[in-house]
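These numbers come from the heavy atoms of this one structure, side chains and all, not from hydrogens, waters or symmetry mates. Just so it is clear, the structure is predicted and the values come from calculations on it, not from any experiment.
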Amino acid sequence: MKQTPVLSTGVETIASAVLTVPTKGEGFTDITREVARFLKQASGRAGTVSLFIRHTSASLTIQENADPDVLADLLTSLRRLAPADGGWRHTVEGPDDMPAHIKTMLTSVSLQIPVIDGALALGTWQAIYLIEHRARPHSREVVMQFMGS
């Protein structure tokens with residue numbers, strides 16, 4: 001095993017912004033570039049970027065950004081876990097609403113990404129995605145916050 005040197009910093013900056021993301025309906029929207037732009041605007045060098053989505057039928061994830069088949073297979077898996085025809089009681093907003101809530105519960109509404117040397121510490125093949133679980137387009141809000149120096 002190998003460890004890099006420990007970097008220590010105090011919290012000198014807390015910066016926040018809200019990212020509005022238009023979706024096209026069910027699927028993944030890559031928001032990595034927008035989060036990196038926020039980090040640059042916050043002048044973040046070391047710390048953490050936290051993301052929180054303000055919705056119960058959309059979510060956030062970090063996933064592979066190289067092979068689009070990964071995202072397609074993930075959508076297929078989520079559809080199998082929470083099908084629209086699952087016999088749900090909650091159907092007031094349509095047959096895709098309850099499955100969307102279940103998919104959000106199974107994924108994440110918040111993420112934390114370390115910041116090292118002014119960059120998101122994502123792996124080579126990682127990207128940050130907003131996952132829209134509803135069939136029709138929506139406007140989603142992601143609260144972004146940087147804490148560090």
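- Among residues at least two apart or in separate chains, salt bridge (Lys or Arg N to Asp or Glu O under 4.0 Å) pairs with a member in residues 70-90 are Glu26-Arg79.
- Judged by distance alone, the side chain of Trp88 and the main-chain N or O of Asp96 form no donor-acceptor pair under 3.5 Å.
- Once rounded to the nearest 0.5 Å, the distance linking CE of Met144 with CZ of Arg37 reads 9.0 Å.
- Checked against ring pair (Phe, Tyr, Trp, His ring centres under 6.0 Å), Phe146 has no partners two or more places apart in sequence or in another chain.
- Here Arg45 pairs with nothing under the side chain to side chain donor-acceptor pair (under 3.5 Å) rule; sequence neighbours left out.
- In this structure, Phe28 belongs to a hydrophobic cluster whose other members, linked by side-chain heavy atoms under 4.5 Å apart, are Val70, Leu71, Leu74, Leu75, Tyr129, Ile131.
- For Glu34, there are no side chain to side chain donor-acceptor pair (under 3.5 Å) partners two or more places apart in sequence or in a different chain.
- Going from atom CG of Leu19 over to atom CG of Leu130 covers 8.5 Å, rounded to the nearest 0.5 Å.
- Residue pairs meeting the salt bridge (Lys or Arg N to Asp or Glu O under 4.0 Å) criterion with at least one partner in residues 50-70, sequence neighbours excluded, are Arg54-Glu141.
- With no hydrogens or angles considered, no side-chain donor-acceptor pair links Ser59 and Arg140 at under 3.5 Å.
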List the atom pairs, with distances to 0.1 Å, where a side-chain N or O of residues 109-127 and a protein N or O form a donor-acceptor pair under 3.5 Å, not counting sequence neighbours.
unit_1 : atom_1 : unit_2 : atom_2 : d
Gln112 : NE2    : Ser50  : OG     : 3.4
Gln126 : OE1    : Gly123 : N      : 2.7

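- Residue pairs meeting the salt bridge (Lys or Arg N to Asp or Glu O under 4.0 Å) criterion with at least one member in residues 2-25, sequence neighbours excluded, do not occur.
- The structure places CG of Leu51 at 11.0 Å from OG1 of Thr48, a figure rounded to the nearest 0.5 Å.
- Atom-to-atom distance recorded for Met105:CE and Thr56:OG1 is 12.0 Å, nearest 0.5 angstrom.
- In this structure, the side chains of Ile31 and Leu60 come closer than 4.5 Å at one or more pairs of heavy atoms.
- With rounding to the nearest 0.5 angstrom, the NZ atom of Lys103 is 10.0 Å from the CZ atom of Arg134.
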### Query
Between Leu39 and Val35, is a side chain to side chain contact (heavy atoms under 4.5 Å, CB included) present by the stated rule, with each step listed?
CA-CA 6 Å; Leu39 177 60; Val35 176; 5.8 Å; no

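- Of the possible polar contacts, none joining the Ser57 side chain to the Asp97 backbone as a donor-acceptor pair under 3.5 Å is found.
- A chain of hydrophobic side-chain contacts below 4.5 Å, direct or via other Ile, Leu, Val, Met, Phe, Trp or Tyr residues, connects Val21 to Ile62.
- Inter-residue side-chain proximity for Phe38 and Ser16 is flagged as unmet; no heavy-atom pair is nearer than 4.5 Å.
- Other members of the hydrophobic cluster containing Val11, listed by chain and number, are Ile14, Met147; membership follows side-chain contacts under 4.5 Å among ILVMFWY residues, whether direct or relayed.
- Shortest non-hydrogen contact noted between Ala15 and Ala42 is CB-CB, 3.7 Å.
- In this view, His101 and His90 satisfy the ring pair (Phe, Tyr, Trp, His ring centres under 6.0 Å) rule, not counting sequence neighbours.
- Taking the side chain to side chain donor-acceptor pair (under 3.5 Å) definition, one finds that Ser108 meets it with nothing, sequence neighbours left out.
- Here Thr104 pairs with nothing under the side chain to side chain donor-acceptor pair (under 3.5 Å) rule; sequence neighbours left out.
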